[in-house]
Amino acid sequence: MIRLNDILEKVSRNFPGAELSLIEKAYVYTAKVHQGQVRLSGEPYLIHPLAVAAILADMKMDIATVVAGLLHDTVEDTFATLEEIEELFGTEIAALVDGLTKISKMTLATHEEQQSENFRKMLLAMSKDIRIVIIKLADRLHNMRTLQYLPPESQLKIAQETLDIYAPIAGRLGIDRIKTELEDLTLPYLHPEEYRRLMAAIAWKKEEREKYIQEVSSIILDKLSSYGLRGKVSGRLKHFYSIYRKMKAQNLDFEQVYDVIAFRLILSSVKDCYEALGIIHSLWKPIPGRFKDYIAMPKANGYQSLQTTVIGPYGERVEIQIRTEEMNRTAEEGIAAHWQYKEGKAFDPKDTKQIAWVRQLLEWHQELRDPREFIETVKIDLFPDEVYVFTPRGDVKQFPAGATPVDFAYSIHTEIGHQCVGAKVNGKIVPLRYQLRNGDMVEIVTAPGHRPSKDWLKFVKTVRARTKIRQLIKAEARDRSVDLGREICEREFKKYHLDFAKFLKSEDLKKVVGDFSFTSVDDLMAEVGYGNISCRQIVGKILPPEKLDRGKSEESRLKRLADKIRREPTGIQIRGIRDMMVRFGKCCNPLPGDRITGYITRGRGVTVHTADCPNALGGDPERLIQVSWNLQEKAVHAVRVRVTCNDKKGLLADLSTALASSDINILRAHTVTTEDRKAICDFELEVRDLKHLQGAFRNLTKLKDVLKVERMRGAASGEREEPGAEI
């Protein structure tokens with residue numbers, strides 16, 4: 001159990017002569033406001049803030065951060081107020097506690113929204129003060145250490161969130177010690193069987209491995225000493241999650257994973273590091289392609305090391321990391337290793353490059369409002385395996401593994417990316433899909449006026465390239481929608497004997513734009529082009545009702561159909577939008593209960609597809625929107641079903657009886673008998689929802705001669721749908 005004196009001793013070692021009374025005061029205050037509260041383990045709640053403060057003290061964080069760690073749950077979980085915290089502990093600590101409280105408060109509808117909002121709040125907190133996220137990581141670490149006391153559903157949810165959000169952020173901040181422990185702690189909950197097998201395999205040869213580590217460490221130390229180098233050598237088993245990930249990725253058993261032991265050499269200078277590398281390579285044969293120089297080219301999170309894998313004693317593969325003491329601190333503690341608390345600044349300016357990605361993510365946060373898109377974007381950036389390439393001038397650029405010349409072009413300038421038509425790698429022309437490799441020298445070929453293809457989104461890897469391409473596609477789609485909206489309005493105005501060009505120059509225009517809560521005519525026209533607003537709604541703002549009714553009879557067949565669709569109860573809800581034309585995709589015939597997505601069809605409102613429909617997935621991702629079933633609206637839906645049976649007399653009557661017992665109305669039936677005396681019966685049925693259809697399936701499969709029942713995709717009622725009509 002952590003005691004206050006343990007924390008005070010750690011802080012005193014890290015900050016000799018520091019004033020510790022503020023920590024003692026925070027301890028007393030926390031104990032008072034949390035009095036009577038217990039954790040699910042049965043321990044007093046005070047154990048948790050003490051543990052969080054101890055983790056922060058271990059990370060050598062400043063006194064304000066340790067105090068905020070003690071107070072981090074007071075405003076959220078007790079009657080304490082932020083004003084009281086500020087009065088007792090000052091503005092700086094109150095701001096840290098407030099940032100932590102805002103991250104915790106969250107009520108959202110979907111998993112994507114929840115993860116997206118969690119990311120956004122973490123990013124905003126990081127931009128204000130990086131210490132907020134460091135405290136949050138310490139909080140999550142202790143919660144994961146005591147996760148066994150929570151119900152199984154909560155264990156699964158928290159472990160997955162830890163793996164998806166907190167461990168990657170710790171990695172991006174370079175805090176490897178916390179990242180690896182968080183990953184390891186998720187294994188028993190996310191993959192319990194694999195975890196048990198892995199633990200059993202590791203325990204089996206524990207003594208043998210420890211003996212091997214001692215032997216290799218002695219050999220390395222003796223060899224370094226013979227060359228006049230002094231350093232420290234330590235060996236360890238790689239952390240569990242990295243072993244599990246390798247076993248999973250390569251479909252291996254534990255015994256087949258060769259490089260499970262890693263050694264770390266700590267030397268006094270960079271020169272000694274390179275000399276030690278030469279000694280190691282002369283001692284044991286290096287494995288080609290496994291050497292990485294992160295000293296000359298540090299990772300984005302500041303990590304520096306020489307990494308190599310060699311064939312060590314007894315033919316064992318051994319990974320060796322070589323670094324200085326300062327590099328080791330950075331590798332273990334990340335940005336916290338460079339902490340300098342001066343005049344309330346969150347971090348020293350020299351460290352701004354280390355978290356430049358936070359500022360980039362904040363830019364994307366402003367631009368990407370779709371939760372799914374934002375999650376995809378951030379995760380791409382949080383899980384990079386780096387590739388280093390050169391510009392023609394010899395500058396080094398870092399990219400995630402799998403990056404292409406298009407990613408390279410956008411990293412130079414947005415317009416270079418837009419105008420990219422080709423690339424040369426090491427002097428040879430390569431396809432734009434070419435995956436860059438370490439050491440490649442890249443040149444970009446451009447053509448003025450060229451614009452990116454939507455297909456580029458299928459292979460670009462960097463967030464910058466993906467975001468800029470989507471922005472341009474979205475802007476061009478909007479321009480087309482503005483033009484389409486103007487065309488629709490011109491035709492519609494003629495029906496009411498109005499001059500649309502004259503209307504655009506009149507004072508009525510400003511009023512109409514304002515009535516629809518837009519700031520410009522183009523915004524209004526774009527909504528007309530997308531089908532979100534009908535031109536008749538605009539005309540209704542400038543004509544009296546009697547003239548509007550007369551003009552209504554002159555509407556086109558397409559417009560009448562659109563209005564009919566709008567009036568029909570669809571059972572669909574579109575977030576933030578009312579009075580939207582809605583229709584169902586004939587390609588997939590979604591039913592209430594199916595997972596669905598909406599696709600904006602220009603001039604025709606929203607088409608609802610099943611979430612896995614190829615037509616929806618193959619369309620423009622910018623036009624997908626979130627929709628959900630409104631289960632309060634009762635409606636019937638047409639669905640096609642195929643029943644395969646053994647042919648016999650009275651078969652159709654049996655099938656009809658089974659469907660009637662399920663309260664199903666048959667709209668159409670078609671039966672064909674095959675040469676092998678099988679009957680293929682196609683039905684078009686009216687059902688309320690997926691559950692209703694599944695009930696009918698159960699009744700049908702109970703019949704003796706029924707072999708197979710399946711739901712058919714495609715247009716119902718014999719309608720033939722034109723290719724691309726839905727998209």
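- Below 30°, between 30° and 60°, or above 60°: for F516 and F518 the angle between ring planes is below 30°, a parallel geometry.
- A salt bridge does not link K461 to D407: none of the charged side-chain nitrogens sits closer than 4.0 Å to a carboxylate oxygen.
- Evaluation of the salt bridge (charged side-chain N to carboxylate O under 4.0 Å, His left out) test over residues 508-528, restricted to residues two or more places apart or in two chains, returns R478-D523, R486-D522, K511-D515.
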Practice item. Before giving the answer on side-chain contact (heavy atoms from CB on, under 4.5 Å), spell out for T162 and L185 the whole-Å C-alpha distance, their side-chain angles and the decisive distance to 0.1 Å. Key: CA-CA 9 Å; T162 299; L185 288 168; over 6 Å; no
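- Atoms CG and CD1, from L182 and I165 in turn, are 12.0 Å apart once rounded to the nearest 0.5 Å.
- No side-chain donor from either of H609 and Y599 sits under 3.5 Å from a side-chain acceptor of the other.
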**Study point:** Stepwise side-chain contact (heavy atoms from CB on, under 4.5 Å) test for Y149 and R39
**Key:** CA-CA 9 Å; Y149 299 107; R39 306 194 86 208; over 6 Å; no
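- Two rings, from Y410 and H418, have their centers less than 6.0 Å apart.
- Between the side chains of H637 and N589, not a single donor N or O lies within less than 3.5 Å of an accepting N or O.
- Smallest separation of non-hydrogen atoms from L457 and I473: CD1-CD1, 4.2 Å.
- Side-chain contact of N699 with S662: a donor-acceptor pair under 3.5 Å is present, judged by distance alone.
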**Study point:** Intermediate values then yes/no, salt bridge (charged side-chain N to carboxylate O under 4.0 Å, His left out), K648 and D654
**Key:** CA-CA 10 Å; K648 68 162 193 172; D654 290 345; 3.2 Å; yes
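- With sequence neighbours left out, F503 forms a ring-ring contact (aromatic ring centres under 6.0 Å, His included) with F493.
- Just one residue in the list R711, R640, R668 forms a salt bridge (Lys or Arg N to Asp or Glu O under 4.0 Å) with E684, and that residue is R668.
- Judged as a side chain to side chain contact (heavy atoms under 4.5 Å, CB included), and not counting sequence neighbours, the contacts of R698 are Q694.
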